[in-house]
Amino acid sequence: MQNFKIETDRLVITKFDESMAEIVHLNSLDVYNRKFVPDEVFETIEEARGAILFLMSCYDGENKGPLVYPIILKSGENIGYVQAVPLKDGEWEIGYHIAENYTGNDYATEAVMAFAPVIANQLGITHIWGISRGDNLASCKVLEKCSFNLQDKSI
Ligand SMILES: CC(C)(COP(=O)(O)OP(=O)(O)OC[C@H]1O[C@@H](n2cnc3c(N)ncnc32)[C@H](O)[C@@H]1OP(=O)(O)O)[C@@H](O)C(=O)NCCC(=O)NCCS
């Protein structure tokens with residue numbers, strides 16, 4: 001398995017390992033995740049472990065994705081993830097989750113800003129999509145702060 005490690009001022013973005021199952025389960029339970037990305041809520045540790053094992057298998061899968069990486073504070077806490085997910089026709093979408101207790105600290109913005117160029121380079125792509133529900137104001141704000149260009153706005 002190739003190394004993957006991005007360091008920012010406050011964060012380390014690296015690969016999942018199985019020991020993260022419990023925190024991934026706990027992080028996934030927050031109210032915003034349930035509302036905006038319900039398919040990424042893991043109700044049990046075992047469910048989270050299954051997802052992690054699948055995601056770990058994708059790291060060696062010739063960039064077919066999804067490519068999902070945990071976000072760890074330099075003080076050690078696992079606070080969420082950032083990801084690149086394949087769309088059709090060779091396009092990719094960026095995604096992110098920051099656990100509710102840690103939101104509002106610019107962590108998602110810091111992670112996306114660091115991750116996007118690295119994963120674009122790894123995938124050999126020149127752009128990546130940010131797709132958000134219009135009522136997910138925090139997510140829209142993250143994309144705006146990361147200078148994503150607005151291409152389409154539909155209800
Ligand atoms: C979206 C999410 C990743 C944001 O994480 P975060 O670390 O708090 O993001 P940041 O701190 O970098 O930026 C959030 C911005 O949204 C703003 N914001 C948060 N809630 C808001 C609201 N209800 N209305 C308007 N702005 C809001 C914050 O004030 C901040 O902007 P600012 O820096 O100008 O003050 C986090 O809320 C989350 O994981 N949500 C659930 C999963 C999800 O929706 N993922 C995205 C799917 S498209």
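All ligand and atom numbering here is 1-based and tracks the order in the structure.
- Set against the non-hydrogen atoms of His97, the atoms of ligand 1 under 4.0 Å away are 38 (C), 39 (O), 41 (C), 42 (C).
- When side chains are defined from C-beta on, Cys58 does not count as touching Lys64, because their heavy atoms never get closer than 4.5 Å.
- Atom 20 (N) of ligand 1 has Ala138 CB, 3.7 Å as its closest protein atom, hydrogens excluded (heavy atom only).
- Residue Val37 has at least one heavy-atom neighbour below 4.0 Å for each of these atoms of ligand 1: 42 (C).
- Note: no N/O pair closer than 3.5 Å links Ser132 and ligand 1 by distance alone.
- Under the 4.0 Å distance rule, the nearest protein heavy atom to atom 10 (P) of ligand 1 falls inside the cut-off.
- Some N or O of Asp106 is nearer than 3.5 Å to an N or O of ligand 1, by distance alone.
- Considering backbone and side-chain N/O of Tyr102, none are found under 3.5 Å from N/O of ligand 1.
- Less than 4.0 angstrom separates some heavy atom of Ile131 from each of these atoms of ligand 1: 48 (S).
- Under a 4.0 Å N-O distance rule, the pair Glu144/Lys141 does not qualify as a salt bridge.
- A salt bridge is defined here as a Lys NZ or Arg NE, NH1 or NH2 lying under 4.0 Å from an Asp or Glu carboxylate O, and Arg49 with Glu22 fails to meet this definition.
- In terms of protein heavy atoms, atom 36 (C) of ligand 1 is closest to Thr103 CG2, 3.9 Å.
- The shortest side-chain heavy-atom distance between His97 and Val82 does not fall under the 4.5 Å cut-off.
- At least one side-chain heavy atom of Val41 sits under 4.5 Å from a side-chain heavy atom of Leu29.
- Of the heavy atoms in Lys145, only side-chain atoms (C-beta onward) come closer than 4.0 Å to ligand 1.
- When heavy-atom distances to ligand 1 are checked against a 4.0 Å cut-off, Asn105 comes that close only through its backbone atoms N, CA, C and O.
- Those atoms of ligand 1 with a heavy atom of Phe36 less than 4.0 angstrom away are 44 (O).
- Between Ile13 and Phe4 the shortest side-chain heavy-atom distance falls below 4.5 Å.
- Side-chain contact, Lys5 with Thr14: no donor N or O sits under 3.5 Å from an acceptor N or O.
- The protein heavy atom nearest to atom 28 (C) of ligand 1 is Lys141 CG, 4.8 Å.
- Proximity to Asn33 (heavy-atom distance under 4.0 Å) selects the following atoms of ligand 1: 41 (C), 42 (C).
- Atom 12 (O) of ligand 1 has as its closest protein heavy atom Thr109 OG1, 2.6 Å.
- Among all protein heavy atoms, the one lying closest to atom 40 (N) of ligand 1 is Tyr32 CB, 3.9 Å.
- Using a 4.5 Å heavy-atom cutoff, the side chains of Val31 and Lys35 are not in contact.
- Residue Asp30 places every heavy atom at 4.0 Å or more from ligand 1.
- When only non-hydrogen protein atoms are considered, atom 3 (C) of ligand 1 lies nearest to Tyr96 CD1, 3.5 Å.
- More than 12 non-hydrogen atoms from other residues, nucleotides or ligands lie less than 6.0 angstrom from CD of Glu77.
- On a distance-only criterion, Gly104 and ligand 1 share at least one N/O pair closer than 3.5 Å.
- The two residues Tyr59 and Val68 make their nearest non-hydrogen contact at OH-O, 2.5 Å.
- Between Phe36 and Tyr32, the angle of the ring planes stays under 30°, which puts this pair in the parallel group of the 30/60° scheme.
- Ligand 1 has an N or O atom lying under 3.5 Å from an N or O atom of Ala108, backbone or side chain.
- When only non-hydrogen protein atoms are considered, atom 44 (O) of ligand 1 lies nearest to Asn136 ND2, 2.7 Å.
- Comparing Ile98, Val112, Ile71 against atom 39 (O) of ligand 1, the shortest heavy-atom distance belongs to Ile98.
- In plain terms, the two heavy atoms of Leu150 and Lys153 that are nearest each other are CD2-CD, 4.3 Å.
- Annotation: atom 25 (C) of ligand 1 to nearest protein heavy atom, Leu137 CB, 3.7 Å.
- Tyr69 and Phe16 have their aromatic ring centers separated by at least 6.0 angstrom.
- Classification of Glu110 and Lys145 as a salt-bridged pair fails, no side-chain N sitting under 4.0 Å from a carboxylate O.
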